[in-house]
Student: 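This is the structure, below, for whatever I ask next.
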Amino acid sequence: MSEIREGLAYSREHEWAEKRGERIVRVGITDYAQSLLGDIVFVELPEPGTQVSAGDSVGSIESVKTVSELYSPVGGTVTAVNESLVDSPELVNGEPYDGGWMIEVELGGDAEEAFKGLLTAEGYREHLA
């Protein structure tokens, strides 16, 4: 069974979102998603300063099997990308919730509103079932 962490919010497209302060949200793909993709060999991420809406494609993840889109679960401005993934994309496989995070977004609006359409850990478990 894939790891699903409590305290994170999840999209139906298998991204996770973590509040990091008032307006910053860290985003990555779930353990389930990385296990489906297999060995990740390349990650393409947006430039800091990029404006995104919830549900927008913000990059791609290439594995030995396929290429998959990365979607932003929240809207706002990309403030940071995980530069470690340039040289070590395999971090997404080994540490999807830690060293393998993808982007940070400064919310364009209220955090509660931004997270309203996302799933809890329990809701994500049910979604996978």
Student: Is Asp39 reaching over with its side chain to a backbone N or O of Val64, donor-acceptor style, under 3.5 angstrom?
Tutor: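 Judged by distance alone, no pair lies under 3.5 Å.
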
Student: Looking only at atom types and distance, does a side-chain atom of Trp16 sit under 3.5 Å from a main-chain N or O of Ile29, one as donor and one as acceptor?
Tutor: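 Checking the backbone N and O of Ile29 against the side chain of Trp16, a donor-acceptor pair under 3.5 Å is found.
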
Student: Are any side-chain N or O atoms of Tyr10 and backbone N or O atoms of Thr30, one a donor and one an acceptor, separated by less than 3.5 Å?
Tutor: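 Absent.
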
Student: Under a 4.5 Å side-chain heavy-atom rule over Ile, Leu, Val, Met, Phe, Trp and Tyr, are Phe115 and Ile103 clustered together?
Tutor: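 Yes.
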
Student: Rounded to the nearest 0.5 Å, how far apart are CD of Glu18 and CD of Glu104?
Tutor: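 The CD atom of Glu104 is 9.0 Å from CD of Glu18, to the nearest 0.5 Å.
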
Student: Could you measure the distance from the OH atom of Tyr124 to the CD atom of Glu6? Nearest 0.5 Å is fine.
Tutor: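 Spacing of OH (Tyr124) from CD (Glu6) equals 13.5 Å.
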
Student: Look up atom CG in Leu37 and atom CD1 in Ile61, then write down how far apart they are to the nearest 0.5 Å.
Tutor: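 It is 6.0 Å, given to the nearest 0.5 Å.
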
Student: Can you name the closest pair of heavy atoms from Val67 and Ser60 and give their distance?
Tutor: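 That would be CG1-CB, 4.0 Å.
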
Student: Rounded to the nearest 0.5 Å, what separation is found between the CG atom of Leu70 and the CD atom of Glu15?
Tutor: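 One finds 5.5 Å between CG of Leu70 and CD of Glu15.
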
Student: Quick check: do Val78 and Glu47 have side-chain heavy atoms less than 4.5 Å from each other?
Tutor: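 Side chain of Val78 against side chain of Glu47, heavy atoms only: no contact under 4.5 Å found.
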
Student: If we only count heavy atoms from C-beta on, is the Leu128 to Ile4 side-chain gap below 4.5 Å?
Tutor: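 The answer is yes, as the side chains (C-beta and beyond) meet within the 4.5 Å cut-off.
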
Student: Find out if a path of hydrophobic residues (ILVMFWY) with successive side-chain heavy-atom gaps under 4.5 Å connects Val81 to Val25.
Tutor: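 Yes.
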
Student: Of the non-hydrogen atoms in Gly100 and Val92, which two are nearest, and what is the gap between them?
Tutor: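 Shortest heavy-atom contact: O-CG2, 3.7 Å.
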
Student: CD of Glu106 to CD of Gln51: how many Å apart, nearest 0.5 Å?
Tutor: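 One gets 9.5 Å once the value is rounded to the nearest 0.5 Å.
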
Student: Do His14 and His127 have side-chain heavy atoms sitting under 4.5 Å apart?
Tutor: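 Yes - at least one pair of side-chain heavy atoms lies under 4.5 Å apart.
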
Student: Which atoms form the tightest heavy-atom contact between Gly99 and Leu85, and what is the distance?
Tutor: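 Looking at all heavy atoms of both residues, the shortest contact is O-CD2, 4.2 Å.
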
Student: Please tell me whether Tyr97 and Leu36 are part of a single hydrophobic cluster in this structure, the criterion being side-chain heavy atoms less than 4.5 Å apart.
Tutor: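 Yes, it is one cluster - the side chains of Tyr97 and Leu36 are joined through contacts under 4.5 Å.
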
Student: Please give me the minimum heavy-atom distance between Met102 and Gly28, naming the atom from each residue.
Tutor: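 It is CG-CA, 3.7 Å.
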
Student: Between Asp98 and Arg5, does any NZ, NE, NH1 or NH2 come within less than 4.0 Å of an OD or OE carboxylate oxygen?
Tutor: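 Yes, this pair counts.
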
Student: Once you round to the nearest 0.5 Å, how far does OG1 of Thr77 lie from CG of Leu107?
Tutor: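 Going from OG1 on Thr77 over to CG on Leu107, the span is 9.5 Å.
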
Student: Return each pair, listed once, that meets side-chain hydrogen bond (donor to acceptor under 3.5 Å, both in side chains) where at least one residue sits in residues 62-73; pairs must be two or more places apart or across chains.
Tutor: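 Qualifying pairs: Ser57-Glu69.
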
Student: Under 3.5 Å, side chain of Asp31 to main-chain N/O of Ser2, donor-acceptor pair present?
Tutor: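 Between the backbone of Ser2 and the side chain of Asp31 there is no qualifying donor-acceptor contact (under 3.5 Å).
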
Student: Please say which of Val105, Asp56, Val52 ends up in a side-chain contact (heavy atoms from CB on, under 4.5 Å) with Val74.
Tutor: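 That would be Val105; it is the only one of Val105, Asp56, Val52 passing the side-chain contact (heavy atoms from CB on, under 4.5 Å) with Val74.
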
Student: Taking C-beta and beyond as the side chain, do Thr50 and Val58 meet within less than 4.5 Å on heavy atoms?
Tutor: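 With C-beta onward as the side chain, the pair stays apart.
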
Student: So if you build clusters from Ile, Leu, Val, Met, Phe, Trp, Tyr with side-chain heavy-atom gaps below 4.5 Å, do Leu118 and Leu8 land together?
Tutor: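 The answer is no; the residues belong to distinct hydrophobic clusters.
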
Student: Please report the closest heavy-atom contact between Gly109 and Arg23, naming both atoms and the distance.
Tutor: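 Answer, listing the atom of Gly109 first, then Arg23: O-NH1, 3.7 Å.
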
Student: For Pro89 and Val43, work out which heavy atoms get closest and say how close.
Tutor: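 Residues Pro89 and Val43, closest heavy atoms: CB-CG2, 4.1 Å.
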
